[in-house]
Protein chains: 2
Amino acid sequence: MNNKSTISELSRSLITIAWYFGPKGLDGQCCGDITMPEFIALDTILNIHNCSVHDIGIALGFTKSGATRIVNRLVSKGYVRKEASSEDGRVCCVAITKKGETIIKDADSRYREKFEQLISKMPPNQQGNVVTLLNSIAQALRK
Amino acid sequence: MNNKSTISELSRSLITIAWYFGPKGLDGQCCGDITMPEFIALDTILNIHNCSVHDIGIALGFTKSGATRIVNRLVSKGYVRKEASSEDGRVCCVAITKKGETIIKDADSRYREKFEQLISKMPPNQQGNVVTLLNSIAQALRK
DNA sequence: AATAATAGTTGACTTAGTCAACTATATTTT
DNA sequence: AAAATATAGTTGACTAAGTCAACTATTATT
């Protein structure tokens, strides 16, 4: 560490965490053959009833064409299917398939495993709060 | 929240945080005109004495050609310059410019500002530990 | 001196997003 | 009820940013 650095430890920590658990993290093996945005899309589908393509775009901060494309990728991988909404003819509902549920369970356990490894490297007196705190950070971010 | 979900709250929190502070986060405005990997590259340069293109590749988990390209982008934006190493003729040292130092200071303060906003949305009794804990998570990740 | 290893670059390619123009349906206004 | 507007989604053309493989140049090993 040299002191020419102009970045605060806080920013550096945030970036380290974001990078590690983010798209390029987990040795590129975060989620089997799905990318991180695809993972988030699947999560969105699980959490929104009759999730539309539009909803996915919002969750990811993508344009609507970007949303269309990510959904189409998930369809071609067999993780979701599209169905016309019965309530609104414009809307395309996206539903997860069995295969999609499997892959997401898989990704989840990989995340948890990586997290265990992380925890084990932290000072024992700090290990207790980590999960609670991460959850409450995430909750604050969603507000 | 519906209970069809198969993703644990922990994984979801990690993803939320990674996505928010990651490449697409901070409203796409995380770092002025630099991307997140570019930010990490700059940070790497600040922290490694006589930083090579190779070092940057390692820090980012990119191939060497990817490293070349990210450095070239930073050069063309005026944030770094390349200089031949005096010790090893194969090595290309990457040094930050004044303009590079400015942009990184800028990005840093944007991160801190966003973090302040985050903190203010968290329950007061949890606010105290956050910074310490994030730092120690990042530290564990770097091990 | 020959061989192997390392650092970096480049061309061809792929992936994953954007924008703008488009279709189809639903909602609002007059 | 008709016209105008808004919303949902798709598509073609494009761009950004990475990979791989082949290459050059230098250094280290045998």
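Each chain gets a letter, A, B and so on, in the order the sequences are listed, and its residues count up from 1.
Chain A approaches DNA chain C over the interval dA16(C) to dA26(C), counting the first and last nucleotide 5' to 3' with an atom under 4.0 Å from its heavy atoms.
Judged by distance alone, with hydrogens and angles left aside, the side-chain atoms of Ser85(B) form no donor-acceptor pair with the main-chain N or O of Cys93(B) at under 3.5 Å. Under a 3.5 Å cut-off, the side chain of Thr16(A) and the backbone N or O of Arg12(A) do form a donor-acceptor pair. At distances below 3.5 Å, at least one donor-acceptor pair connects side-chain atoms of Ser13(A) with backbone N or O atoms of Glu9(A).
Per the geometry, CD belonging to Glu38(B) stands 8 Å off P belonging to dG18(D), to the nearest Å. Arg69(A) has its CZ atom 12 Å from the C1' atom of dT15(D), to the nearest Å. Distance Ile58(A) CD1 to dT7(D) P: 11 Å, rounded to the nearest Å.
Between Arg73(B) and dA16(D) there is no side-chain N or O to OP1 or OP2 distance below 4.0 Å.
Positionally, the nearest nucleotide of DNA chain C for Thr68(B) lies more toward the 5' end than for the other of Thr63(A) and Thr68(B). Residue Lys77(B) is the one, among Asp88(B) and Lys77(B), whose nearest nucleotide of DNA chain D lies closer to the 5' end (criterion: closest heavy atom). Nearer the 5' end of DNA chain C, as judged by each residue's closest nucleotide, is the contact made by Ser65(B), out of Lys64(A) and Ser65(B).
Within the structure, salt bridge (charged side-chain N to carboxylate O under 4.0 Å, His left out) pairs that include any residue of residues 71-84 of chain B comprise Glu38(B)-Arg73(B), Glu38(B)-Lys77(B), Arg81(B)-Glu83(B) (at least two apart or interchain).
In this structure, Phe115(B) and Phe21(B) have tilted ring planes: the angle between them lies in the 30° to 60° band.
Summarising the local packing, CZ of Arg142(B) is surrounded by more than 12 heavy atoms from other residues, nucleotides or ligands at distances under 6.0 Å.
Within 4.0 Å of Ser52(B), counting heavy atoms only, lie sugar-phosphate atoms of the nucleic acid but no base atom.
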